[in-house]
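Here the structure is laid out as structure tokens; the discussion comes afterwards.
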Amino acid sequence: MPKSTREKLVSRAEYLVRRRGYNGFSFSDLSEDVGIRKASINYYFPHKTDLLLEMMVAYRERFVRSLGKFDEKHNTARERFKAYVAMNRQALGGGHSMCLYVSLGLAVEGLSAEVREELKVFYAQSMDWLQTVHDLGRTDRTLPSHGDPEQWANQVISSLQGAQVSARVNSRLEIFDLVSKCLMTTAT
């Protein structure tokens with residue numbers, strides 16, 4: 001089924017934010033890319049924040065569905081964790097993009113209160129899932145106990161996000177691979 005104009009705008013805006021950052025795209029860029037007048041974008045999204053929120057919710061929902069699939073497909077904590085690391089690497093798009101929420105986190109000071117709240121929802125869901133993986137790892141013994149599940153989840157998220165940024169800045173995917181390998185080594 002062909003995408004609606006609204007879906008095209010959200011999809012293209014996500015592509016641009018993940019590659020250029022929040023301040024690196026405008027409605028003019030979208031107008032050109034989607035092939036509609038700039039004023040027409042305002043029909044769908046009166047403000048850039050409206051577009052951003054819809055984009056973020058759609059991305060978060062896809063992300064949460066992926067986590068659910070990891071739970072269904074993988075029985076062990078280690079396999080779920082490996083799938084999570086692989087998904088974060090995939091977000092790099094071969095070194096040309098980052099996770100939407102990593103990109104937006106870099107611009108947090110310039111974001112509206114509503115967008116900052118959506119960032120918090122995403123991170124809370126990520127933290128909850130990782131803590132569940134940590135607890136499963138204690139039970140199935142495929143991940144060692146790292147003490148506090150919240151501390152471990154924060155370490156994982158921070159490490160992978162930092163690795164995405166470093167890989168992009170230095171144009172070297174192997175930086176992400178080295179960090180994720182270190183995380184996997186400490187998770188054996």
Side-chain angles (χ1 to χ4, degrees), residues 1-74 80-81 83-94 96-133 150 153-154 156-165 168:
M1 173 185 316
K3 285 184 179 180
S4 69
T5 300
R6 184 181 196 91
E7 290 169 328
K8 288 177 187 175
L9 290 168
V10 169
S11 177
R12 191 61 186 168
E14 178 188 321
Y15 174 86
L16 293 171
V17 170
R18 290 181 62 196
R19 290 180 183 268
R20 298 182 188 172
Y22 174 68
N23 294 316
F25 90 101
S26 67
F27 278 8
S28 294
D29 296 321
L30 288 177
S31 170
E32 186 177 315
D33 288 355
V34 176
I36 64 172
R37 294 181 312 120
K38 184 177 163 186
S40 298
I41 296 172
N42 292 106
Y43 169 78
Y44 297 98
F45 302 102
H47 306 283
K48 195 173 181 182
T49 296
D50 300 320
L51 171 60
L52 191 56
L53 284 170
E54 188 164 323
M55 172 195 348
M56 292 172 73
V57 168
Y59 187 91
R60 179 172 47 84
E61 288 172 351
R62 289 192 319 267
F63 178 83
V64 169
R65 278 194 304 273
S66 292
L67 298 179
K69 288 177 184 176
F70 298 161
D71 291 344
E72 291 172 9
K73 184 177 180 182
H74 303 293
R80 290 176 188 181
F81 183 64
Y84 180 81
V85 170
M87 179 174 61
N88 274 268
R89 188 185 196 286
Q90 184 180 4
L92 281 166
H96 303 290
S97 66
M98 301 188 248
C99 167
L100 177 64
Y101 283 78
V102 173
S103 179
L104 292 171
L106 295 171
V108 71
E109 294 84 15
L111 301 176
S112 70
E114 299 93 349
V115 171
R116 288 192 307 271
E117 282 304 309
E118 175 57 30
L119 278 168
K120 289 177 185 177
V121 169
F122 177 84
Y123 286 111
Q125 289 181 319
S126 299
M127 288 288 296
D128 289 346
W129 185 83
L130 282 167
Q131 289 175 66
T132 301
V133 170
E150 182 178 359
N154 270 313
V156 168
I157 289 171
S158 298
S159 296
L160 292 178
Q161 289 181 352
Q164 284 188 35
V165 173
R168 283 288 313 278

- Across all chains, not counting sequence neighbours, the salt bridge (Lys or Arg N to Asp or Glu O under 4.0 Å) partners of Arg65 are none

- Item | Phe81 side chain near Val156 side chain, heavy-atom distance below 4.5 Å | yes

- Taking the side chain as every heavy atom from C-beta outward, state whether Asp29 and Arg20 have any atom pair closer than 4.5 Å. yes

- Note on the structure: Quick note, salt bridge (charged side-chain N to carboxylate O under 4.0 Å, His left out) partners involving residues 83-94, not counting sequence neighbours, are Arg89-Asp177

- Query: Which residue pairs satisfy the salt bridge (charged side-chain N to carboxylate O under 4.0 Å, His left out) criterion with at least one member in residues 33-46, sequence neighbours excluded?
  - Reply: Arg12-Asp33

For [X], check side chain to side chain donor-acceptor pair (under 3.5 Å) against everything at least two apart and list the hits.
X: Tyr43; result: none
X: Lys69; result: none
X: Arg116; result: none
X: Ser112; result: Glu114

- Task: Let me see the working for Tyr15 and Arg19 under side-chain hydrogen bond (donor to acceptor under 3.5 Å, both in side chains), right down to the final yes or no.
- Result: CA-CA 6 Å; Tyr15 174 86; Arg19 290 180 183 268; 3.1 Å; yes

Inter-residue atom distance [X].[atom1] - [Y].[atom2], 0.5 Å rounding:
X: Glu54; Y: Thr49; atom1: CD; atom2: OG1; result: 13.0 Å
X: Ser66; Y: Glu61; atom1: OG; atom2: CD; result: 12.0 Å
X: His47; Y: Ile41; atom1: NE2; atom2: CD1; result: 14.0 Å
X: Glu150; Y: Gln131; atom1: CD; atom2: CD; result: 5.5 Å
X: Met56; Y: Leu51; atom1: CE; atom2: CG; result: 11.5 Å
X: Gln164; Y: Ser159; atom1: CD; atom2: OG; result: 12.0 Å

Sequence-distant partners of [X], side chain to side chain contact (heavy atoms under 4.5 Å, CB included), two or more places apart:
X: Ser11; result: Lys3
X: Tyr44; result: Thr5, Arg6, Leu9
X: Glu109; result: none
X: Asn42; result: Phe27

For a quick test of reading the model, state the closest non-hydrogen atom pair linking [X] to [Y] and the distance between them.
X: Ala13; Y: Leu30; answer: N-CD2, 3.6 Å
X: Ser103; Y: Gly21; answer: OG-CA, 3.5 Å
X: Ser97; Y: Ala91; answer: OG-O, 2.9 Å
X: Lys48; Y: Asn23; answer: NZ-CA, 4.5 Å
X: Met98; Y: Arg18; answer: O-NE, 2.7 Å
X: Ala153; Y: Leu130; answer: CB-CB, 3.7 Å

- Query: Do Tyr123 and Glu118 meet the criterion of a side-chain donor-acceptor pair at a distance under 3.5 Å?
  - Reply: no

- In this structure, are over 12 heavy atoms from other groups packed under 6.0 Å from Gln125 atom CD? yes

- Task: Please say whether more than 12 non-hydrogen atoms of neighbouring residues, nucleotides or ligands are located less than 6.0 Å from CD in Glu7.
- Result: yes

- Does the gap between the ring centers of Phe70 and Tyr84 come in under 6.0 Å? no

- Give me the one residue out of Leu52, Val10, Leu53 that meets side chain to side chain contact (heavy atoms under 4.5 Å, CB included) with Phe45. Val10

- Query: Can you check whether His74's main-chain N or O pairs, donor with acceptor, with Arg80's side chain at less than 3.5 Å?
  - Reply: yes

- Query: Is Asn88 reaching over with its side chain to a backbone N or O of Val85, donor-acceptor style, under 3.5 angstrom?
  - Reply: no

- Message: Run the ring pair (Phe, Tyr, Trp, His ring centres under 6.0 Å) test against Tyr59 and tell me which residues pass, sequence neighbours left out.
- Response: Tyr101

